[in-house]
K.L.:
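Just dropping this structure here.
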Amino acid sequence: MNEQKRTLLRGARILGGQPQDVLIEGGTIAAVERGIGAAGAEVIDTGGAVLLPGLVDLHTHLREPGREDSETVLTGTRAAARGGYTAVHAMANTFPVADTAGVVEQVWRLGKEYGYCDVRPVGAVTVGLEGKQLAELGAMHDSAAGVRVFSDDGKCVDDAVIMRRALEYVKAFDGVVAQHAQEPRLTEGAQMNEGTVSAELGLAGWPAVAEESIIARDVLLAAHVGSRVHICHLSTAGSVELVRWAKSKGWQVTAEVTPHHLLLTDELVRSYDPVYKVNPPLRTEADVLALREALADGTIDCVATDHAPHPHEDKDCEWGAAAMGMVGLETALSVVQHTMVDTGLLDWAQVADRMSHRPAAIGRLAGHGRPVSPGEPASLVLLDADYRGQVDPAGFASRSGNTPYEGRELPGRVTHTWLRGRATVVDGTLV
């Protein structure tokens, strides 16, 4: 791009505040004030839209290499840009698994090539996600991809000795282990949340204690070795209390919640529609309310999508045979507006904290999660918060359409996304 290109955003509400003008020059925010002169600049009249720093996702499945039928780095990063994201962390459960420097560099280079958002590969904790032998953590960190987040997501690192060793290893370079908290013996054959609904439907239950027992163990391990642990897709009220307790001790524990766990409950499983089948499963209304409160008070650090695309044949089948997971990149900001902003639990500055600042800090991702201020990188998202519309997966940029929100009215629409001053989305359309 032309480094001297100038773009003037007229009347943008930064973090939902009073309208101001924002001047972008090259890849940087040049000025933020009222009445900026527009000489030589492309002028965008924002109509008072909300301007936020570009969103950062700590938990995205891009599926490449190996499952390009469901998503690729190109289609996944396009979906991310449409959702207002300027950086995503790509999970390791690909084919081959991202457990070597070679695979994480491949994913990183694909992200650089396509350029819709920055792609930071997540390295596997164990070889082949098998939980038996540590993967090449140091080599992945030292690679061009500069991996700082490691996870066997999709599988739990259930061996306490392996988990301890991983936490000790990543401490050397300020990395973090992101744990999929699921005690495997307690969830064998599990199909949904264990509770009243599972009993009535006769489906094998996934008990809350299977998540909570692993979290309890891992926060203790992190404290013991003085390392960082991050809890993926926390889903129960009990998990919230464990994280709150660990933080009260001053331990290096962080946690994320998905948009779908902020909105949907296990009552939806009564439809037997596999679009609602996800891991961890949709929980109860009480869990949902506890998660919202924990995100509001900062016990839960951030929102992460767990964007999990699947081809239609993996979802268009009977419940028991269906794959677990939902796409989420293109609807995340709308769900957060619906559940957290429109309910008064968060303001837009706090949304920026939970969806940009904190995930960037957890991932040690430089250049993202920055303030909307002069001199900062112009990685930004403009949101029409007054918009209301029905979700239609036919219009998704993702290669997969397994959204639980089809036909549901949600607020907010991303109109523009910029990655270091370069527009990736204009008027809701990919550039």
Side-chain angles (χ1 to χ4, degrees), residues 58-61 89-94 96-105 107-108 120-187 210-234 239 242-243 246-247 249-256 279-280 301-302 304 306 359 361-365:
L58 271 173
H59 195 146
T60 306
H61 297 274
H89 290 72
M91 282 294 173
N93 57 344
T94 50
V97 171
D99 57 4
T100 65
V103 178
V104 295
E105 284 192 355
V107 174
W108 176 76
R120 286 294 294 270
V122 173
V125 177
T126 66
V127 174
L129 307 180
E130 294 178 354
K132 297 174 182 175
Q133 177 186 345
L134 281 185
E136 300 175 3
L137 309 185
M140 287 187 278
H141 172 258
D142 293 338
S143 73
V147 176
R148 300 292 280 276
V149 182
F150 298 87
S151 181
D152 277 1
D153 181 65
K155 295 185 178 180
C156 178
V157 182
D158 64 304
D159 185 310
V161 174
I162 294 287
M163 186 64 180
R164 174 183 174 168
R165 287 177 181 157
L167 288 165
E168 289 171 333
Y169 202 115
V170 302
K171 184 181 175 183
F173 46 79
D174 190 31
V176 63
V177 179
Q179 175 68 293
H180 174 110
Q182 178 184 0
E183 211 295 317
R185 293 278 288 151
L186 290 173
T187 54
E211 174 173 302
E212 295 155 9
S213 59
I214 295 293
I215 292 174
R217 182 201 75 178
D218 287 354
V219 299
L220 290 167
L221 285 174
H224 180 68
V225 304
S227 190
R228 294 200 294 139
V229 67
H230 177 74
I231 309 303
C232 293
H233 42 48
L234 183 151
S239 296
L242 287 164
V243 170
K247 288 191 168 194
K249 298 283 191 181
W251 299 343
Q252 298 181 80
V253 176
T254 55
E256 69 190 31
N279 185 354
D301 295 84
C302 62
D306 193 9
I362 293 165
R364 301 296 194 254
L365 189 54

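Both backbone and side-chain heavy atoms feed into the values below; hydrogens, waters and symmetry mates do not.
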K.L.:
Carefully, step by step, assess Arg217 and Asp158 under the rule salt bridge (Lys or Arg N to Asp or Glu O under 4.0 Å).
P.N.:
CA-CA 10 Å; Arg217 182 201 75 178; Asp158 64 304; over 6 Å; no
K.L.:
Checking Asp152 against Thr126: is there a side-chain donor and acceptor pair closer than 3.5 Å?
P.N.:
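There is such a pair (donor and acceptor under 3.5 Å, judged by atom type) between the side chains of Thr126 and Asp152.
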K.L.:
Would Gln252 and Val176 count as a side-chain contact (heavy atoms from CB on, under 4.5 Å) if you check the C-alpha gap in whole Å, the side-chain angles of each, and the deciding distance to 0.1 Å?
P.N.:
CA-CA 10 Å; Gln252 298 181 80; Val176 63; over 6 Å; no
K.L.:
So, do Gln182 and Pro280 sit near enough that their side-chain heavy atoms are less than 4.5 Å apart?
P.N.:
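No, too far: nothing below the 4.5 Å cut-off.
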K.L.:
Quick check: do Arg228 and Lys171 have side-chain heavy atoms less than 4.5 Å from each other?
P.N.:
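Contact flag for Arg228/Lys171 side chains = no.
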K.L.:
Salt bridge check, Arg164 against Asp159: does any charged N sit closer than 4.0 Å to a carboxylate O?
P.N.:
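So Asp159 does not pair with Arg164 through a salt bridge.
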K.L.:
Which atom names give the shortest non-hydrogen contact between Ala124 and Phe150, and what distance separates them?
P.N.:
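Smallest heavy-atom distance, with atoms named: O-CD2, 4.0 Å.
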K.L.:
To the nearest 0.5 angstrom, please state how far the CD atom of Gln133 sits from the CD1 atom of Ile162.
P.N.:
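Between Gln133 CD and Ile162 CD1, I get 8.0 Å after rounding to 0.5 Å.
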K.L.:
With rounding to the nearest 0.5 Å, note down the distance linking CG in Asp142 to CZ in Phe173.
P.N.:
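The CZ atom of Phe173 is 7.5 Å from CG of Asp142, to the nearest 0.5 Å.
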K.L.:
Going from SG on Cys232 to CG on Asp306, what distance comes out if it is rounded to the nearest 0.5 angstrom?
P.N.:
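One finds 8.0 Å between SG of Cys232 and CG of Asp306.
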K.L.:
Can you find a heavy atom in the side chain of Arg148 that is under 4.5 Å from one in the side chain of His141?
P.N.:
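Answer yes - side chains close enough.
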K.L.:
Which pair of non-hydrogen atoms, one from Ser151 and one from Ala92, has the smallest distance, and what is that distance?
P.N.:
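Looking at all heavy atoms of both residues, the closest pair is O-CB, 3.9 Å.
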K.L.:
Minimum heavy-atom separation for Leu167 to Ala222, with atom names?
P.N.:
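So the minimum-distance heavy-atom pair works out to CD1-N, 3.9 Å.
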K.L.:
So, for Arg120 and Gly363, which heavy atoms are closest and what is the spacing to 0.1 Å?
P.N.:
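In terms of heavy atoms, the two residues are closest at NH2-O, 4.4 Å.
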K.L.:
Does some side-chain heavy atom of Leu129 sit less than 4.5 Å from a side-chain heavy atom of Asn93?
P.N.:
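They are in contact (side-chain heavy atoms under 4.5 Å apart), so the answer is yes.
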K.L.:
So which pairs with a foot in residues 130-141 pass salt bridge (Lys or Arg N to Asp or Glu O under 4.0 Å), sequence neighbours left out?
P.N.:
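Residue pairs with at least one partner in residues 130-141: there are none.
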K.L.:
Okay, side chain of Asp99, backbone of Gly128: is any donor-acceptor separation there less than 3.5 Å?
P.N.:
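Side chain of Asp99 to backbone of Gly128: a pair is present.
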K.L.:
Is the closest side-chain heavy-atom distance between Leu221 and Val229 below 4.5 Å?
P.N.:
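SC-SC contact between Leu221 and Val229 ruled out.
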K.L.:
For the residue pair His233 and His59, categorise the inter-ring angle as parallel (less than 30°), tilted (30 to 60°) or perpendicular (more than 60°).
P.N.:
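Tilted.
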K.L.:
List the steps, then state whether side-chain contact (heavy atoms from CB on, under 4.5 Å) holds for Val122 with Val147.
P.N.:
CA-CA 6 Å; Val122 173; Val147 176; 5.8 Å; no
K.L.:
Report yes if the side chains of Asp153 and His61 come closer than 4.5 Å at any heavy-atom pair, otherwise no.
P.N.:
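Yes - at least one pair of side-chain heavy atoms lies under 4.5 Å apart.
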K.L.:
Would you tell me whether Ser213 and Glu183 have side-chain atoms, one donor and one acceptor, within less than 3.5 Å of each other?
P.N.:
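Judged by distance alone, the side chains do not pair up.
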K.L.:
Using a 4.5 Å cut-off on heavy atoms from C-beta on, say whether the side chain of Glu105 contacts that of Met140.
P.N.:
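No, every pair of side-chain atoms sits at 4.5 Å or beyond.
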K.L.:
About how many Å separate NE2 of His89 and OG1 of Thr60, when rounded to the nearest 0.5 Å?
P.N.:
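The distance works out to 9.0 Å.
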K.L.:
So which atom in Trp108 and which in Ala144 form the shortest heavy-atom distance, rounded to 0.1 Å?
P.N.:
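Residues Trp108 and Ala144, closest heavy atoms: CZ3-CB, 3.5 Å.
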K.L.:
Does Met163 reach the side chain of Gln179, with side-chain heavy atoms less than 4.5 Å apart?
P.N.:
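Yes. Closest side-chain heavy atoms under 4.5 Å.
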K.L.:
Nearest 0.5 Å please: distance from the SG atom of Cys302 over to the CD atom of Glu256.
P.N.:
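The distance works out to 5.5 Å.
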K.L.:
Testing the basics here: between His230 and Thr254, what is the closest heavy-atom pair and its distance to 0.1 Å?
P.N.:
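For His230 versus Thr254, the nearest heavy atoms are ND1-OG1, 2.7 Å.
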K.L.:
Please step through side-chain contact (heavy atoms from CB on, under 4.5 Å) for the pair Ser227 and Glu168, ending with a clear verdict.
P.N.:
CA-CA 7 Å; Ser227 190; Glu168 289 171 333; over 6 Å; no
K.L.:
Could you state the interatomic distance from CG (Asn279) to OG1 (Thr187), rounded to the nearest 0.5 Å?
P.N.:
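It comes to 7.5 Å.
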K.L.:
Walk me through whether Lys247 and Asp301 qualify under side-chain contact (heavy atoms from CB on, under 4.5 Å).
P.N.:
CA-CA 11 Å; Lys247 288 191 168 194; Asp301 295 84; 2.7 Å; yes
